[in-house]
Amino acid sequence: GGEGEKREWLQSPTPVPAGHLVRKSRLQVPAEIFGVKVTPDSNLASKFIGPGPHAEGPSHPEVLHLARDQGVLLLFIERGKKIIGCPTAQDKLQLGDWLYFTRDQNVTPDQSLFDVTAEIYRMNSVSHSTERQTRKAASEITTFQFFPEFDEFHFPSNCIGAVLGPTQFAAPGQPALDLRARFGINLAGIWRLSETDEKHGRKLLFGRPHIGPGTTVQQGDIGFVCRWPNQSTGVSESVLPEDTMRELASAHLPKGEYSGNGSLNPEEGMVGFMVMSHSCLAVGPRKVVSWKVVDGLESDPIDVRLEVETATSAVSIDFGNKRVFPERGSGSLKTLEQDFFWRQPLQATLKGLRQKNRFEINALRGSEWLKGNIVTQGSEGFFEGFVNLPDNGGGLRETFFPALRQDQIREAATGAAITIQKNELLLEVPWDDPLKTTLCVNGENVLARHFARPTPRAARPDEHSAMPELLLRVDKSRETVTIPMGLAAFQHWLSSEAKLVSSKSEILRSSWAVQLGPHGEFAEHVVMVEKKPGNVVCLSIDGSVLVEAVAEDFKQVETTKGVSSEWSCEFRFVGEKIITFEIFEEDELGALSSKSLVSKRSKSIHKCSVNLPKLSDLREAIFFIDGQQAVDLGDRVTSGDSFESFDITPQELLSTYDILVPHKLSATPLQKRSSITALLGTRQPGCLDPFGCCTAASVVNRSDS
C-alpha cells in the first residue's frame, strides 16, 4: 500500500495477535547484511564463535569473540544443505561455511573477512563484473550483500518486562527470556512504539549495539528475525517455526535473583536500598502502616504512611512527607474508588558493579579495549574504575580513572553495552482492602529482605553515618607502611568481626550489645526485642524501631539455622570502609617530594536475624549474626589489646592482608613529556602512553577493591 496505509498500520497498537508469527514483514529495515564464505585464506576454520566451557578460557586462541571483538551479529550459518538459524558460542566454523551477518560500523574487526561495508562490496563487484557473467565465476564468489526480509511477531504478554538474555542480565525478580539458548530465536531487532517518530510511530532497535541480552521487552514491541536468503532460488526462507512462538507464549520464565547484578543486591555492589523501619499498629479506630526507606548511605530517608479507618476503609496516604491522597480540600480520609498506585524513581544502578574483570574499558585516547573493574557509580553519570594498562616491562598495572563515561565501558564477555538498571519504588493500595497495601522495590516487597541499618551508626538521627577511614603512610622508598593502630586492632578493623559486649534476657524483653569493628562508640549497636500489650512485637536497634507490629501481621521467616520460630526477622548491618594511602608521587625517573592521597573502599555486611521460639517467653530469644549466636561471639576488642602503631612492608601487607600499596603518577606538564620519553627510549610494542592519563589517574599494580 501507500505511505499513508503503511503509517496507519505501524501505529496500530495490535495489528496481529501477540505471539503470532507474520511471514515477510511489511516493516522495512534499512540494514546492511552480508554473506561471507569461510576459505582457507580466512584462517577462521575450526574456531569457536564465542567463549565458554567448550574452550579453555576467555583468551583461548581458537575463540573468535564475534560479538565483542568483531562487532558482528551472526544471523545464521549455511553449511552445505544445513542451515544453523541460531548460532551459539559452541558452534565451530568449518571450511566452506557461509556466514550471514550484520555488524556495528563503529567497531573495526581484527578479522579482515568481517571488515566489509556496502562501499567495499560495490568496489569488489565492479572488479569481478566480467567474471560473474559465467556460472564458473559465480562459484568463486566469497562475499555478497543482500537486502534482507524478516519474519515478525508481537511479544506475548508473558514477555513484557523481561530481558532478552538469561537470568544473569535480569534485575532481582525480573523475568528472563534467554531467547537464543531456550527458544532458538536469533532476534535481529525490535520495532518499539515511539511518540517522537511522527512518520511511523515506532523507532528501530537493530543489531549491535542497540539490543543485547540486557534489553527489556516493552509493551507493544515487535520482534523480527532475518529470513535466510537461498542463493539457489533467490527466494528467502523462514528459519523460525510457528511452534516456537506458541512455546514462547506459554513459557514460564525464570526470574533474576540476588546474584551481584546491581546495587539493590543486598550482597554486592555499593550499599544501596535499605528499609530502616516498618510499623503496623492500631491507633483507636484506625490502623497506621508506615515505612522508612533510604536509597544509599548518603541519601535522605523516604517516609511512606498509610492510615486506614477500619470501619469504612477510608484512607489517607503520605509519600515522602507529602499528602498524595486524598487531594487537598477532600477531607482527612477518603474511600478509594480504584486501586491506588504511587511511583518513586530511585537511583539507576550499574549491573556488575565491583565484579572482578566484568567489564572492558576504553579509557585512553586510542581504541583499545582493556579489562577492568568499575568500583563506584557517581551521581553525575560518571564511573570510577581500574583499568589494566600494559607497562614498559611487559606486565600490567591497574590504573585508576575517576571519570569514565558510560560509552567507555562494555561487557567483557559479550562486548555488549553496559546495562544501567532503572530502579523504582511502588506503593500499591487495593481499593477493596487497603490493609493489603504493599511497598515494592523493582517488583519485590521491601519487607522480604531489605531491612538494614548502617554501621557505624550516625552520631545524630538527622545526620548520615560517617564511614570509618584508616590512613596508611608509605615512606618515600616504598619500603615501610605505618599502620596507626596495634596489630590486633588492625586485624579487627579489616575483618569488622562481630564481638559481644553484653546480653540480657527477660520474659518480655531480650537485648544484645555487639561491636562491629574498632570504629569507636558508633560501631557498637544494641539490638532489642520486646513483647508489648496486644501481642505487639517490637524490634529496635540503638533505641530506634526497626519493626513494630502485631505478631500475626509480621512474620518474615519460619526457621533460621534450624530454629523453629513463632516470630522472626532478618536484617543486615551494612557499611563501607575506606583505606587511604599517603604516598609520594612518582614520575618515570622515580619518587618526587610531593605527596598524594589515594583511597580504596570496601563493603562490609553482617547478616542478622532475631528468632522468638516462644512469644510467651522472650528469655528464649536468639540473635544470630554472621551465622553465629551472639552469645557465642568473642569478647569485645579494646584499644589496650595492642600497641598504638606498627610498621609493615608493602610485600607483607599484600601477602598477609591482600592489600596493595598503590602508585600515583605526578601530573607532569605536557612540555616535559617529550624530554622524559626521550630519556626512557622507545616503548615496547602495544604499550600505551604512560602519560596519557597522569593528570586524572592513580596507578596500582592490581585492584583489591
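For clarity, every value in this text was computed on a predicted model and none was experimentally measured.
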Peer 1: Check this for me: Q219, atom CD, are more than 12 non-hydrogen atoms of other residues, nucleotides or ligands nearer than 6.0 Å?
Peer 2: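 Check fails, neighbour count at 12 or below.
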Peer 1: Between T216 and R192, what is the shortest heavy-atom contact and its length?
Peer 2: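 So the two residues come closest at O-NH2, 2.9 Å.
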Peer 1: Check whether any side-chain N or O of Q377 sits under 3.5 Å from a backbone N or O of L350 as a donor-acceptor pair, and report yes or no.
Peer 2: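 Here the side-chain-to-backbone pair exists.
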Peer 1: I need the minimum non-hydrogen distance between V574 and A452, along with the two atoms involved.
Peer 2: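 Of all heavy-atom pairs spanning V574 and A452, the closest is CG2-CB, 4.5 Å.
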Peer 1: Mind checking the CZ-CD1 spacing from R572 to I605? Nearest 0.5 Å is all I need.
Peer 2: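 Rounded to the nearest 0.5 Å, the CZ-CD1 separation comes to 6.5 Å.
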Peer 1: Can L240 and F150 be said to form a side chain to side chain contact (heavy atoms under 4.5 Å, CB included), step by step?
Peer 2: CA-CA 10 Å; L240 186 59; F150 298 90; over 6 Å; no
Peer 1: Drop me the distance from Q344's CD to I302's CD1, to the nearest 0.5 angstrom.
Peer 2: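 Going from the CD atom of Q344 to the CD1 atom of I302 covers 5.0 Å.
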Peer 1: Before giving the answer on side chain to side chain contact (heavy atoms under 4.5 Å, CB included), spell out for I418 and F359 the whole-Å C-alpha distance, their side-chain angles and the decisive distance to 0.1 Å.
Peer 2: CA-CA 8 Å; I418 58 175; F359 303 107; 3.7 Å; yes
Peer 1: Any side-chain to backbone donor/acceptor pair from D295 onto Q347? Under 3.5 Å, distance only.
Peer 2: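 Yes; at least one donor-acceptor contact below 3.5 Å.
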Peer 1: Can a donor-acceptor pair be found, under 3.5 Å and without considering hydrogens, that links the side chain of N158 to the backbone of A251?
Peer 2: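 Between the backbone of A251 and the side chain of N158 there is a qualifying donor-acceptor contact (under 3.5 Å).
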Peer 1: Does the Lys NZ or Arg CZ of R79 fall within the cation-pi geometry relative to W98 - under 6.0 Å from the ring centre and within 45° of the axis?
Peer 2: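 Cation-pi check for R79 and W98: fails.
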Peer 1: Assess the residue pair K603 and E576 against the criterion (salt bridge (Lys or Arg N to Asp or Glu O under 4.0 Å)); give the C-alpha distance rounded to whole Å, side-chain angles, the decisive distance to 0.1 Å, and a yes or no.
Peer 2: CA-CA 4 Å; K603 183 177 179 179; E576 287 191 341; over 6 Å; no
Peer 1: For a 4.5 angstrom cut-off between non-hydrogen side-chain atoms, does L99 reach V38?
Peer 2: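 Counting from C-beta outward, L99 and V38 do come under 4.5 Å.
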Peer 1: Within the distance-only criterion (no hydrogens, no angle test), does the side chain of N186 pair as donor or acceptor with the backbone N or O of L74 below 3.5 angstrom?
Peer 2: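 A pair under 3.5 Å: yes.
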Peer 1: Nearest 0.5 Å, what's the CD1-CG distance between I84 and D97?
Peer 2: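 Going from the CD1 atom of I84 to the CG atom of D97 covers 6.5 Å.
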Peer 1: Closest heavy-atom contact between Q408 and A403?
Peer 2: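 Smallest heavy-atom distance, with atoms named: OE1-O, 4.2 Å.
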Peer 1: Can you tell which of P148, C86, C226, P229 makes a side chain to side chain contact (heavy atoms under 4.5 Å, CB included) with L75?
Peer 2: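 So, applying the side chain to side chain contact (heavy atoms under 4.5 Å, CB included) to L75 and each of P148, C86, C226, P229, only C226 qualifies.
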Peer 1: To the nearest 0.5 angstrom, please state how far the CZ atom of R343 sits from the CD atom of E428.
Peer 2: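 Going from the CZ atom of R343 to the CD atom of E428 covers 8.5 Å.
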Peer 1: Under 3.5 Å, side chain of R202 to main-chain N/O of W191, donor-acceptor pair present?
Peer 2: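 At least one qualifying donor-acceptor pair exists.
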Peer 1: Between I361 and W369, is a side chain to side chain contact (heavy atoms under 4.5 Å, CB included) present by the stated rule, with each step listed?
Peer 2: CA-CA 5 Å; I361 302 171; W369 291 85; 5.5 Å; no
Peer 1: Decide whether a cation-pi geometry holds between K371 and F386; the criteria are a distance under 6.0 Å from NZ or CZ to the six-membered ring centre and an angle within 45° of the ring axis.
Peer 2: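 The answer is no; the distance or angle limit is not met.
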Peer 1: Measure the CG-CG distance between L346 and L425 for me, rounded to the nearest 0.5 Å.
Peer 2: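 Answer rounded to 0.5 Å: 5.5 Å.
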Peer 1: To the nearest 0.5 Å, what is the distance between CD1 (I190) and CD1 (I222)?
Peer 2: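 One finds 10.5 Å between CD1 of I190 and CD1 of I222.
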Peer 1: Check whether any side-chain N or O of E424 sits under 3.5 Å from a backbone N or O of P345 as a donor-acceptor pair, and report yes or no.
Peer 2: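 No, because the side chain of E424 does not come within donor-acceptor range (under 3.5 Å) of the backbone of P345.
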Peer 1: What heavy-atom pair brings E368 and L370 nearest, and what distance separates the two atoms?
Peer 2: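 Smallest interatomic distance, heavy atoms only, reads OE2-CD2, 3.6 Å.
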Peer 1: Just wondering, do L44 and K37 contact through their side chains at under 4.5 Å, heavy atoms?
Peer 2: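 Side chain of K37 against side chain of L44, heavy atoms only: no contact under 4.5 Å found.
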Peer 1: Does the pair E411 and R358 meet the rule for a salt bridge (Lys or Arg N to Asp or Glu O under 4.0 Å), with working shown?
Peer 2: CA-CA 6 Å; E411 295 282 351; R358 166 73 180 260; 2.7 Å; yes
Peer 1: Could you go through the side chain to side chain contact (heavy atoms under 4.5 Å, CB included) check for L187 and L164 one step at a time?
Peer 2: CA-CA 9 Å; L187 193 71; L164 299 176; 3.8 Å; yes
Peer 1: Please examine the side chains of I83 and I77, heavy atoms only from C-beta on, and report whether any two atoms are closer than 4.5 Å.
Peer 2: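 A side-chain contact is absent here, since even the closest heavy-atom pair is not under 4.5 Å.
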Peer 1: Regarding S238 and R23, do their side chains bring together a donor and an acceptor under 3.5 Å, going by distance alone?
Peer 2: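 Side-chain D/A pair, S238 to R23: present.
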Peer 1: Where is the tightest heavy-atom contact between V275 and V446, given as atom of each residue plus distance?
Peer 2: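 For V275 and V446, the tightest heavy-atom pair comes out as CG2-O, 3.5 Å.
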Peer 1: Name the orientation class of the two ring planes belonging to F273 and H450 (parallel below 30°, tilted from 30 to 60°, perpendicular beyond 60°).
Peer 2: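 Plane angle over 60°, so perpendicular.
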Peer 1: With a 4.0 Å cut-off on N to O distance, would you call D151 and R227 a salt bridge?
Peer 2: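 A salt bridge is present here (some side-chain N lies under 4.0 Å from a carboxylate O).
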Peer 1: Give the minimum heavy-atom separation between F224 and L205, together with the two atoms involved.
Peer 2: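 So the two residues come closest at CZ-O, 4.4 Å.
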